[in-house]
Amino acid sequence: MHDRVEQALALLGLDPVSETTADHHSYGFRKVCSAQDAMGAIYNALRRKGSADWILEADIKGCFDHINHKWLNENIPMNKRKLTQWLKCGYLEKRTFNTTDEGTPQGGLWI
C-alpha cells in the first residue's frame, strides 16, 4: 500500500512536467488527449495541399520491455534513487522472483 501511495504522489508531481515537455503530437497514454484528438490532428495534417500521401501506424512489439534503465535515469526528471528502486524491483511469476534489468514495470499506477 505504501508503495502505491508513493507512486501516486510521484505521478501527481510528474504529470504536469510530462505534459509541458512531451511531444505535442503524441496522443497515446496521455490523460488530456483522446483518439478523437489524434484523428483531428491527422485530418488537419492531411487536408492541406501537398500533404503526405501515406500514413504509417506502428505498434512496436516489446518496446516497453526493453527500455534502457540508464537512459530513463538520465532523462526522467524525478528522484533518481526512487526511480531506480521502481525499475529494479523485479516481479513474481508462478512463485518465482525475476529481476528486472531492462524495461519498465507492467501494471504500474495509472490514475
Side-chain angles (χ1 to χ4, degrees):
M1 175 76 169
H2 179 68
D3 287 338
R4 290 189 64 80
V5 171
E6 281 189 52
Q7 287 180 358
L9 290 172
L11 178 61
L12 288 172
L14 290 172
D15 205 38
V17 174
S18 66
E19 282 302 320
T20 57
T21 59
D23 180 355
H24 296 288
H25 299 289
S26 175
Y27 297 92
F29 303 103
R30 294 178 61 199
K31 287 192 271 186
V32 298
C33 295
S34 67
Q36 289 80 9
D37 294 325
M39 289 185 294
I42 291 168
Y43 173 78
N44 284 329
L46 297 177
R47 69 186 171 99
R48 297 185 180 102
K49 189 175 185 175
S51 65
D53 293 327
W54 297 91
I55 297 173
L56 172 64
E57 191 278 331
D59 184 7
I60 303 170
K61 183 178 179 182
C63 175
F64 293 101
D65 297 339
H66 303 288
I67 292 178
N68 183 286
H69 288 181
K70 182 179 179 212
W71 184 91
L72 287 171
N73 258 313
E74 292 171 355
N75 291 280
I76 302 298
M78 69 171 285
N79 180 294
K80 304 305 179 193
R81 182 174 171 265
K82 182 60 64 183
L83 178 59
T84 298
Q85 287 176 335
W86 285 340
L87 292 172
K88 302 287 186 191
C89 68
Y91 64 96
L92 288 173
E93 184 175 10
K94 297 181 181 178
R95 298 184 181 185
T96 302
F97 178 77
N98 299 277
T99 61
T100 47
D101 298 317
E102 63 179 355
T104 58
Q106 299 299 307
L109 183 66
W110 296 98
I111 56 174

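Predicted, not measured: the structure shown is a model, and the values here were computed from it.
- Under the side chain to side chain donor-acceptor pair (under 3.5 Å) criterion, R47 pairs with N44, not counting sequence neighbours.
- Scanning for side chain to side chain donor-acceptor pair (under 3.5 Å) contacts around N68 gives an empty result, with sequence neighbours left out.
- Atoms NZ and CD, on K88 and E102 in that order, are 9.0 Å from each other to the nearest 0.5 Å.
- In this structure a side-chain-to-backbone donor-acceptor pair under 3.5 Å is missing from D101 to T99.
- Checked against L87 for a side-chain contact (heavy atoms from CB on, under 4.5 Å), the options I67, L72, T100 give a single hit: L72.
- E93 meets the side chain to side chain donor-acceptor pair (under 3.5 Å) test with no other residue; sequence neighbours excluded.
- Every side-chain contact (heavy atoms from CB on, under 4.5 Å) that Q85 has, sequence neighbours left out, goes to R81, K82.
- Here OG1 of T104 is found 13.0 Å from CH2 of W86. Values are rounded to the nearest 0.5 Å.
- Rounding to the nearest 0.5 Å gives a distance of 11.0 Å between CD1 of I42 and CG of D37.
- N73 is linked by a side chain to side chain donor-acceptor pair (under 3.5 Å) to T84, counting only residues two or more places apart in sequence or in another chain.
- For L46 against A52, the heavy-atom pair with the smallest separation is CD2-O, 3.7 Å.
- Summarising the hydrophobic clusters (Ile, Leu, Val, Met, Phe, Trp, Tyr; side-chain heavy atoms under 4.5 Å, direct or chained), the residues clustered with F97 are L92.
- From H69, atom NE2 reaches atom CD of E74 across 13.0 Å, with rounding to the nearest 0.5 Å.
- Here the shortest heavy-atom pairing between A45 and S51 reads O-CB, 3.2 Å.
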